Colleague: 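The structure under discussion is supplied below as structure tokens; questions concerning it will follow.
Everything numeric here is computed off the predicted structure, so don't read it as measured data.
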Amino acid sequence: MSARQADAQPPDESTAQAAPADAIPRHLGDFTVTSRTFYISLFACVIGAASGLIAWALLRLIGLITNLVFYQRFEVGLVAPGATHHPAALILLAPVLGGVLVGLMARYGSEAIRGHGMPEAIDAILRGGSKIKPRVALLKPISAAIAIGTGGPFGAEGPIIMTGGAFGSLLAQFFSFAADERKTLLVAGAAAGMAATFNAPLASLLLAVELLLFEWRPRSYLPVAAAVVMAAIVRVPLLGGQPIFPVPVQAPMLTPLEYLLCVLCGATGGFLALVATQLVYLSEDIFRKLPIHWMWWPAIGGLIVGVGGLIEPRALGVGYDVIDLLLTGGATLSLIVGILIVKTLIWSLSLGSGTSGGVLAPTFMIGAALGGLLSLVFPAVAPGFWPLVCLAAVVGGVMRSPLTGVIFALELTHDWPALLPLAISSSCAFGLSALLLKRSVLTEKVVRKGLHLTREYSIDPLEVLMVREVMQRDFISFRCGTPLREAAVGFASTQRHLRDVQNRQRVYPVLDEANLLAGIVTRRDMLGAALADDIPPETLIDSVMVQTPMVCYPDMTLREAAYLYAEKHVTRVPVVTRENPRKVIGMLTLVDLLEARLRDLQEERLQERVLSVRRIFRLSGGRLRIKD
């Protein structure tokens, strides 16, 4: 046995930050993308076109059921349930009937149709391998159309997200795709359906990135973008290409006071988002305690909707007409107050019953109503300006997606000069919501199933450090032809001098006469040899060594090494050069991999004062002299 120490010492901090040009790994790049990404994008185009058609069909189905139930006519155009006067019994009982039908479909069809779509899509991605059953693709839009068409205060986008995602998943299941590729096509269908519904392709892309993909990589972004673009193109001949809620006057330049009021709108919108989310949580908890089967919960939620409809009929249904009225500044005070109170209550309380419907359209309406109320005391800027600012704030607070809230508001109205105030209000609401509430209305349902998820994106510290920066350059090796008993005796005596358990070497390179790697021997083999009494004296270490060991290279990232460990079920490997894969220059262990995590933890928690400057005065020649 021989102890061997590499000539080069571990690189210091300056060396790690500025590697020479010839040491830069050639196999690494900013992104990882292959030609298969474009192959997946072709499937995504098909899914995008289909999702556009699905969105059109679902909106028509909602319109048909609404017209049949509330107006007793056979038409498919979207119409508000509360646009005209109806008998009180119809307003009260229609949502109950819709809830009964949804409950029956959920129990005897598929329980996956319950909810507003996004949590179900997230659950399918994280736990279901992105596999959605065919019956969900059929029952989800029908159940949503029934719930909304009978007066449910929900949006169509949640069911379209689930339906489009189900179509993408189903198509992927007919081909040999990996789970990540199925996830990409599922999200492609979901985002495409939303883009076709709201004519908001950029906001749909952002929502996919912020909420559904759980990554930012070309392999997922490019197919999703292809699907969204295709859906937006298909939408134009079917639903038109104009904004959903065009505003008559665009926002002018604001004064400093008005920018401060945007901050107040954000804080108020964040607080309203907090209240609405807590009401959804409370409603779910109450329904779970009811001594009846969950099949009947949507009917009880429908009764809540019906009672609210008696108070404010305009709170029923999707409510695109009311949102348009609020954003154009034409809503009365009674309508603003009624929507703000009634819509918030019936939406959040009925959503907890497990009925089928989305959250975006109700969030738009509630936020716009809040802005309409604040516009009564805020200075006039433009018709519907403050409702638009609060709309973005409530979306940012409820969905925890501030960028999506901003872009949605802009694409819905095409009021592009309002970008800065919308960014202010949405970011403030997001910050308040993230600070005071652990989970959003979109993730709480998933968490209650026992799954933890985080929506924070950050650079993996294992991706930043190279193997050469943390590998052990001092290691023990053995020579080929060494008698096994002699090596074991020497091994045992050496181990007694190693006090640090974490630094004990458990895998040992076996080198030939040219000091090149011939194989490895494990600590377990050596201990077995040391304890065995029947080992022939002539037995060599070559007989127990692994002749084709796994190795890694100094220019690999620690993330690549971690994947190697997981794939090959190893915990320690020799480090060899790429020029000569048999020349051992170090050893890499799991403890070394954790070094990257430790550095990341220190950068996050270690607080230090770097500079302490008392006086700075300028000298001749433009130089600075710093004196403590």
Colleague: What residues, two or more places apart in sequence or in another chain, satisfy side-chain hydrogen bond (donor to acceptor under 3.5 Å, both in side chains) together with Asn199?
Modeller: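 Asn199 satisfies side-chain hydrogen bond (donor to acceptor under 3.5 Å, both in side chains) with no residue once adjacent residues are dropped.
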Colleague: Using 0.5 Å steps for rounding, measure from the NZ atom of Lys438 to the OG atom of Ser433.
Modeller: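 OG of Ser433 is found 12.5 Å from NZ of Lys438.
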Colleague: Tell me every residue that passes salt bridge (charged side-chain N to carboxylate O under 4.0 Å, His left out) with Lys343, counting only those two or more places apart in sequence or in another chain.
Modeller: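 For Lys343 there are no salt bridge (charged side-chain N to carboxylate O under 4.0 Å, His left out) partners, ignoring immediate neighbours.
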Colleague: Using only atom types and a distance under 3.5 Å, with no angle test, would you say the side chain of His86 pairs donor to acceptor with the backbone of Phe70?
Modeller: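 Yes: the side chain of His86 pairs with the backbone of Phe70.
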Colleague: Please tabulate, for side-chain N and O atoms in residues 368-377, each donor-acceptor pair with protein atoms closer than 3.5 Å (sequence neighbours left out).
Modeller:
from, atom 1, to, atom 2, distance (Å)
Ser375, OG, Gly371, O, 3.4
Ser375, OG, Gly372, O, 2.6

Colleague: Indicate yes or no for a side-chain donor-acceptor contact from Ser348 to the backbone of Ala276 under 3.5 Å, with no hydrogens or angles considered.
Modeller: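 No.
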Colleague: Using atom types as modelled and distance alone, determine if a side-chain donor or acceptor of Arg182 lies under 3.5 Å from a backbone N or O of Gln173.
Modeller: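 No: the side chain of Arg182 does not pair with the backbone of Gln173.
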Colleague: Taking the side chain as C-beta and beyond, is there a heavy-atom pair between Glu75 and Leu64 under 4.5 Å?
Modeller: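 They are not in side-chain contact.
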Colleague: Just jot down the side chain to side chain contact (heavy atoms under 4.5 Å, CB included) partners of Leu437, sequence neighbours excluded, or say none.
Modeller: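 For Leu437 the side chain to side chain contact (heavy atoms under 4.5 Å, CB included) partners, ignoring immediate neighbours, are Leu274, Thr277, Gln278, Tyr281, Arg400.
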Colleague: Compute both the distance and the angle, then confirm whether Arg107 meets the cation-pi test with Trp294: under 6.0 Å from the six-membered ring centre, within 45 degrees of the axis.
Modeller: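 Not satisfied by the 6.0 Å and 45° rule.
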Colleague: Report the residue from Ile244, Val318, Leu391 that forms a side chain to side chain contact (heavy atoms under 4.5 Å, CB included) with Phe364.
Modeller: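 Answer to the side chain to side chain contact (heavy atoms under 4.5 Å, CB included) test with Phe364 among Ile244, Val318, Leu391: Leu391.
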Colleague: Once rounded to the nearest 0.5 Å, what's the spacing between atom OG1 of Thr184 and atom CZ of Phe177?
Modeller: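 These two atoms lie 10.0 Å from each other.
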Colleague: For Val228 and Met194: C-alpha separation, side-chain torsions, deciding distance, then whether side-chain contact (heavy atoms from CB on, under 4.5 Å) applies.
Modeller: CA-CA 8 Å; Val228 166; Met194 189 159 49; over 6 Å; no
Colleague: Say whether, by atom type as modelled, one donor and one acceptor occur between the side chain of Ser425 and the main chain of Gly266 under 3.5 angstrom.
Modeller: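 No; judged by distance alone, with no hydrogens or angles, the pair does not exist.
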Colleague: Is the gap between the ring centers of Tyr221 and Trp216 under 6.0 Å?
Modeller: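 Yes, the ring of Tyr221 comes within the 6.0 Å limit of the ring of Trp216, centre to centre.
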Colleague: Find out whether Leu272 and Thr268 are in side-chain contact, i.e. whether some heavy atom of one side chain is under 4.5 Å from a heavy atom of the other.
Modeller: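 No, too far: nothing below the 4.5 Å cut-off.
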Colleague: State, with a plain yes or no, whether a side-chain heavy atom of Trp386 is found less than 4.5 Å away from one of Cys265.
Modeller: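 Trp386 reaches Cys265 side chain to side chain.
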Colleague: Checking side-chain contact (heavy atoms from CB on, under 4.5 Å) for the pair Ser51/Ile47: CA distance, chi angles, key distance, verdict?
Modeller: CA-CA 6 Å; Ser51 296; Ile47 293 171; 3.9 Å; yes
Colleague: Looking only at atom types and distance, does a side-chain atom of Ser143 sit under 3.5 Å from a main-chain N or O of Leu139, one as donor and one as acceptor?
Modeller: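 Answer holds: yes.
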Colleague: Residues two or more places apart in sequence or in another chain: which of them pass salt bridge (charged side-chain N to carboxylate O under 4.0 Å, His left out) with Glu210?
Modeller: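 For Glu210, no residue satisfies salt bridge (charged side-chain N to carboxylate O under 4.0 Å, His left out) once neighbours in sequence are set aside.
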Colleague: Just jot down the salt bridge (charged side-chain N to carboxylate O under 4.0 Å, His left out) partners of Arg60, sequence neighbours excluded, or say none.
Modeller: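 Listed in chain order: nothing, the list is empty.
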Colleague: How are the rings of Trp297 and Phe287 set to each other: parallel, tilted or perpendicular (split at 30° and 60°)?
Modeller: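 Geometry flag for Phe287 against Trp297: tilted rings.
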Colleague: Return yes when atom CZ of Phe271 has more than 12 non-hydrogen atoms of other residues, nucleotides or ligands closer than 6.0 Å, and no otherwise.
Modeller: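 12 or below, so no.
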Colleague: So Leu68 and Arg73, do their side chains get closer than 4.5 Å, heavy atoms only?
Modeller: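 Side chain of Arg73 against side chain of Leu68, heavy atoms only: no contact under 4.5 Å found.
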